[in-house]
Every structure is written in structure tokens, then in C-alpha cells.
Amino acid sequence: MRFTSVAVALLLTASSALGRGCGNNPTNAEVKIAEAKFQAEKVAVKVDATAASKVISVYFHVISSGTTLATGVVPASQITAQIDVLNTAYASSGYSFVLANTTRTLNSQWFINAGPSTTYQTAMKTALRQGGAAALNVYTVGFQSSASSGLLGYSTFPSSYSSAPTDDGVVMLYSSVPGGTTTNYNLGQTLTHEAGHWFGLYHTFQGGCSGTGDSVSDTPAEASAASGCPTGRDTCTATGVDPIHNYMDYSYDSCMTEFTAGQATRMASQLATYRGI
């Protein structure tokens, strides 16, 4: 199944104090349909899966409008640091990442205008994407057009791969990698978060305080996305304090530290069902 919009976007508002805003989330109705389909198609996870089977190959595509850091040229050292951040974040879930290849493309139109559902991002992905369903393709761009200004990143869900394989992957702001220049969002957790969607996770605030929420039982419900690092925030009754430290919330990078065991279980099921991992 494809969601009405297969991209999940993170918005960085003009004032970083406002934190990340949601750009393009699946509705509760879409989630209900997707989850019913997932339950019908779910592939059993092999408990004896080897470590090698849980290594994700990453193809990093650096798009720039010039030849300097300010125009999108992400140095190899920052890409290496980004892979290290992913490995740290996903270690408790049993997955690791290895950089399979890096491409560099000078294309100001893609750098400026690529965004969810645009012809620019379609052309970019069609030209550059590598690997199959199990390969994580990451594209770094500038999000400088009026339509995409303020975006931190967006991703596709695993269930969308079969109907749109070329579209699969993560598009992210080049300056949100470790050591980048986006204040409060330059420790590499934008990709950690977006990869979570690529693994099949919803936001922790999906559905608010009611319903099935993010379809994971051990992430306390929260009424809305967190901003900054509001320790002790509790927006829903009887479920525990908000999971502001979870990678699938919208806290500052420095506040994000964990996935839950339930999220790890969901990731494994989603990857087995839709990505053959």
C-alpha cells in the first residue's frame, strides 16, 4: 500500500525555538488501512538472523549548487560521522550501517528545488538511486525553494517500495549532518529519525492521546510533537511521561537518545515484510 503521500517530512521553522513541525504525515485513517494490510502480509522474523543480514548498505548522494560547503558540498568526514551516528542510534535494535558508495552531483535545480512529490526530486532519484529494497539511499539537498524552505528531511515508508521503488529513500538538509550549521539539528539525528520512517516507524505522537498511536505499545502516547528538550512533559493521562528522548519525536538532536524494544520489534517486522531483510 502507498499512503496518499509516501513522504514523511520534518519542518524546521524560522525560529528554532519552535522546533520541528510536521510537514506531511499519514492520517489516522491511512494508518489504519496500512496497519490492517501489514497484519495481513506480515512475514515472521527469523530469530536466528545473522548479524550480516542486519547490515544496511547506505548510498550517500551529495547534491550541491556549487563547490563549497555553503553550497552543499558535504565532506567525506561528515558522511563518515553520520554513519557513526546511525550505528550508535540503531545498535540496541540490532542493525548496523555501512557506507556502500558516495556520489557527488553539481545540480543547482535539484539542490534548491528538490522536495516531496516534486519533479526535481523524482529526476534526482531516478538518476542516482542504487541498490534494491534493502539499500538505504540518502540524498542531501538545500531545501531552498519557497515550497521546501524550512524542511529538515523526508522519507518513504517500507510499504511504498513495491509500488514506487525509485522513490524509495531519504532526502535531508545537507547542513543537518554531524558538524553542520543548522543550530540544534546538527548532530546527525535528522537522518536517524528519517531512517526510522524508512524502517517503518511512525512518529511517537501519531494519533495523539487516543487510538493505536504509533502502533508500538511501549512508547507512551503524547498529544503533540515535543520541541526542544522539555523534561517531564506529560500531555496524555495514564500512559507515562512523553517520550521526548525518542528518535521518533521532534526534540532537539541533543535530546534524542533512544528507540524502544517495541520499536525494534516493529522495525524487524517491517523490514522482513517489505524489504526482505
Side-chain angles (χ1 to χ4, degrees), residues 7-12 20 23 55-90 96-145 147-156 165-199 253:
V8 173
L10 292 177
L11 287 173
L12 179 62
R20 310 177 196 242
V55 177
I56 308 299
S57 294
V58 181
Y59 294 87
F60 224 95
H61 307 289
V62 178
I63 316 301
S64 65
S65 61
T67 59
T68 65
L69 188 66
T71 58
V73 178
V74 180
S77 59
Q78 289 185 328
I79 295 174
T80 298
Q82 180 66 82
I83 299 297
D84 290 343
V85 168
L86 287 178
N87 279 318
T88 298
Y90 284 84
S96 62
F97 301 81
V98 61
L99 182 63
N101 191 30
T102 300
T103 68
R104 296 183 179 275
T105 303
L106 179 61
N107 189 312
S108 60
Q109 291 296 312
W110 293 354
F111 180 77
I112 294 168
N113 298 305
S117 302
T118 65
T119 57
Y120 299 101
Q121 76 107 33
T122 300
M124 176 182 71
K125 290 178 174 180
T126 299
L128 299 177
R129 193 184 188 284
Q130 299 178 40
L136 173 58
N137 281 253
V138 179
Y139 308 83
T140 58
V141 300
F143 294 135
Q144 293 178 349
S145 71
S148 63
S149 179
L151 278 172
L152 277 178
Y154 62 96
S155 177
T156 54
T166 303
D167 192 47
D168 188 65
V170 168
V171 183
M172 62 179 287
L173 183 65
Y174 77 98
S175 54
S176 67
V177 297
T181 57
T182 302
T183 304
N184 297 319
Y185 307 100
N186 58 357
L187 300 180
Q189 304 305 2
T190 288
L191 185 53
T192 301
H193 178 104
E194 295 301 342
H197 292 309
W198 188 85
F199 272 66
D253 277 16

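Along the sequence shown, residues carry numbers from 1. Computed from a prediction, not measured in an experiment: that's the story for all the values here.
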Item to complete: Begin with the C-alpha distance, continue with both residues' side-chain angles, and end with the deciding distance and a verdict on side-chain contact (heavy atoms from CB on, under 4.5 Å) for N186 and T181.
Response: CA-CA 6 Å; N186 58 357; T181 57; over 6 Å; no

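- Between the side chains of T192 and Q189, at least one donor-acceptor pair of N or O atoms lies under 3.5 Å.
- A donor-acceptor pair shorter than 3.5 Å cannot be found between the side chains of N113 and Q144.
- A side-chain donor from one of T182 and S175 sits under 3.5 Å from a side-chain acceptor of the other.
- Here the shortest heavy-atom pairing between G115 and F143 reads CA-CE2, 4.5 Å.
- Considering every non-hydrogen atom in both P75 and L69, the closest pair reads CD-CD1, 3.6 Å.
- Smallest separation of non-hydrogen atoms from L187 and D253: N-OD2, 2.9 Å.
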Practice prompt. Evaluate the side chain to side chain donor-acceptor pair (under 3.5 Å) criterion for residues D168 and T156: first the C-alpha distance (whole Å), next the side-chain angles of each, then the deciding distance (0.1 Å), finally the verdict.
Written response: CA-CA 6 Å; D168 188 65; T156 54; 3.2 Å; yes

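- The closest side-chain heavy-atom distance from L191 to L86 is below 4.5 Å.
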Worksheet entry | Worked check of side chain to side chain donor-acceptor pair (under 3.5 Å) between T80 and S77 | CA-CA 5 Å; T80 298; S77 59; over 6 Å; no

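- Looking only at distances, no side-chain donor or acceptor of K125 sits under 3.5 Å from a matching main-chain atom of T166.
- Applying the salt bridge (charged side-chain N to carboxylate O under 4.0 Å, His left out) rule to pairs touching residues 170-189 yields nothing, sequence neighbours excluded.
- Ring planes of H197 and H193: perpendicular class, angle over 60° (limits at 30 and 60°).
- Put simply, the residue from V171, V141, V74 that forms a side-chain contact (heavy atoms from CB on, under 4.5 Å) with I63 is V141.
- Listed for the Q82 side chain is a donor-acceptor partner under 3.5 Å among the backbone atoms of G188.
- Taking NE2 of H61 as the start and CG of N137 as the end, the distance is 4.0 Å to the nearest 0.5 Å.
- S155 places a side-chain N or O within 3.5 Å of a backbone atom of E194 that can act as its donor or acceptor partner.
- Between Y139 and F60, the distance separating the two ring centers is not shorter than 6.0 angstrom.
- Not a single donor-acceptor pair under 3.5 Å links the side chain of Q130 to the backbone N or O of Y59.
- The structure places CG of L173 at 6.0 Å from CG of L152, a figure rounded to the nearest 0.5 Å.
- Across all non-hydrogen atoms, the minimal contact from G72 to S64 is C-CB, 3.8 Å.
- Of the N and O atoms on the side chains of T122 and T119, not one donor lies less than 3.5 Å from an acceptor on the other residue.
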Worksheet item: Going through the checks in order, is the side-chain contact (heavy atoms from CB on, under 4.5 Å) test met by T105 and L128?
Response: CA-CA 9 Å; T105 303; L128 299 177; 3.7 Å; yes

Worksheet item: Is there a side-chain contact (heavy atoms from CB on, under 4.5 Å) between V58 and V138 once you walk through the steps?
Response: CA-CA 7 Å; V58 181; V138 179; 4.1 Å; yes

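- Between the side chains of Y154 and Q121, at least one donor N or O sits under 3.5 Å from an acceptor N or O.
- Between L106 and S65, the shortest heavy-atom contact is CD1-C, 3.4 Å.
- Here CG of L136 is found 7.5 Å from CD1 of I56. Values are rounded to the nearest 0.5 Å.
- Between Y174 and F111, the ring-plane angle classifies as tilted under the 30° and 60° cut-offs.
- Residues G66 and V73 come closest through the heavy atom pair O-CG2, 3.6 Å.
- For the pair T118 (side chain) and A114 (backbone), a donor-acceptor distance under 3.5 Å is absent.
- Checking N87 against S96 by side-chain atom types alone, no donor-acceptor pair falls below 3.5 Å.
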